[in-house]
Enquirer: 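Dropping the structure in here first, questions after.
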Amino acid sequence: MEWEQAAGGFAAMGSEARLAVLRCLVRAGDGGLMVQDIQARTGIAPSTLAHHLKLLAGAGLILQRKDGRSTYNTADYDQLKQLAGFILSECCADDVSIREVANDG
């Protein structure tokens, strides 16, 4: 994952409302939720919710699929795993105590 892509993903999650929407979709699983279901679970006004969904989709954090007149929104678990891996791949890289233990072995 590139730095620019990671920054975009983390920025999209940088609002309490968008994080609530994303969490709602993660909890919903692979079936996803329609906009009205997300609205009912989060209490976010429909026009505001549409804006948040657009930003999350643009960052690649959610997927949207049409089924007739309905649009289902799902968390993009692969993208979320990549973001988590990106940030956690640096875990403890500068921790001097870990390097000292490794060098003593």
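Owing to the predicted nature of the structure, the values given are computational and were not obtained by experimental measurement.
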Enquirer: Determine, stepwise, if the pair L25 / I62 fulfils side chain to side chain contact (heavy atoms under 4.5 Å, CB included).
Expert: CA-CA 8 Å; L25 291 173; I62 67 170; 3.6 Å; yes

Enquirer: Which heavy atom of L53 sits nearest to which heavy atom of V35, and what is that distance?
Expert: CD1-CG2, 3.9 Å

Enquirer: Return a table of donor-acceptor pairs under 3.5 angstrom between the side chains of residues 4-22 and protein atoms on other chains or two or more places apart.
Expert:
residue: S15; atom: OG; partner: A17; partner atom: N; Å: 3.3
residue: S15; atom: OG; partner: R18; partner atom: N; Å: 3.1
residue: R18; atom: NE; partner: A12; partner atom: O; Å: 2.7
residue: R18; atom: NH1; partner: H52; partner atom: ND1; Å: 3.3

Enquirer: What do the steps show when you test N73 against L33 for side chain to side chain contact (heavy atoms under 4.5 Å, CB included), and what is the final call?
Expert: CA-CA 5 Å; N73 298 274; L33 296 170; 5.6 Å; no

Enquirer: Would a single hydrophobic cluster contain both I38 and L55, if residues Ile, Leu, Val, Met, Phe, Trp and Tyr are joined by side-chain heavy-atom contacts under 4.5 Å?
Expert: no

Enquirer: Of the non-hydrogen atoms in A75 and V26, which two are nearest, and what is the gap between them?
Expert: CB-CG2, 3.8 Å

Enquirer: According to side-chain hydrogen bond (donor to acceptor under 3.5 Å, both in side chains), does anything in residues 23-47 pair up with another residue at least two apart or in another chain? List the pairs.
Expert: none

Enquirer: With sequence neighbours left out, write down each residue that passes side chain to side chain contact (heavy atoms under 4.5 Å, CB included) with Q82, or none if nothing qualifies.
Expert: M1, Q79

Enquirer: Tell me which pairs pass ring pair (Phe, Tyr, Trp, His ring centres under 6.0 Å) where either residue lies in residues 18-50, with sequence neighbours left out.
Expert: none

Enquirer: What distance do L61 atom CG and T74 atom OG1 have between them, rounded to the nearest 0.5 Å?
Expert: 11.5 Å

Enquirer: In chain order, what residues pass the side-chain hydrogen bond (donor to acceptor under 3.5 Å, both in side chains) check against K66, with sequence neighbours excluded?
Expert: T71

Enquirer: Tell me every residue that passes ring-ring contact (aromatic ring centres under 6.0 Å, His included) with F86, counting only those two or more places apart in sequence or in another chain.
Expert: W3

Enquirer: Of the non-hydrogen atoms in D95 and S97, which two are nearest, and what is the gap between them?
Expert: OD1-OG, 2.7 Å

Enquirer: Does Y72 sit in a hydrophobic cluster with other residues, and if so which ones, taking ILVMFWY side chains as linked at heavy-atom separations under 4.5 Å, directly or through other members?
Expert: M34

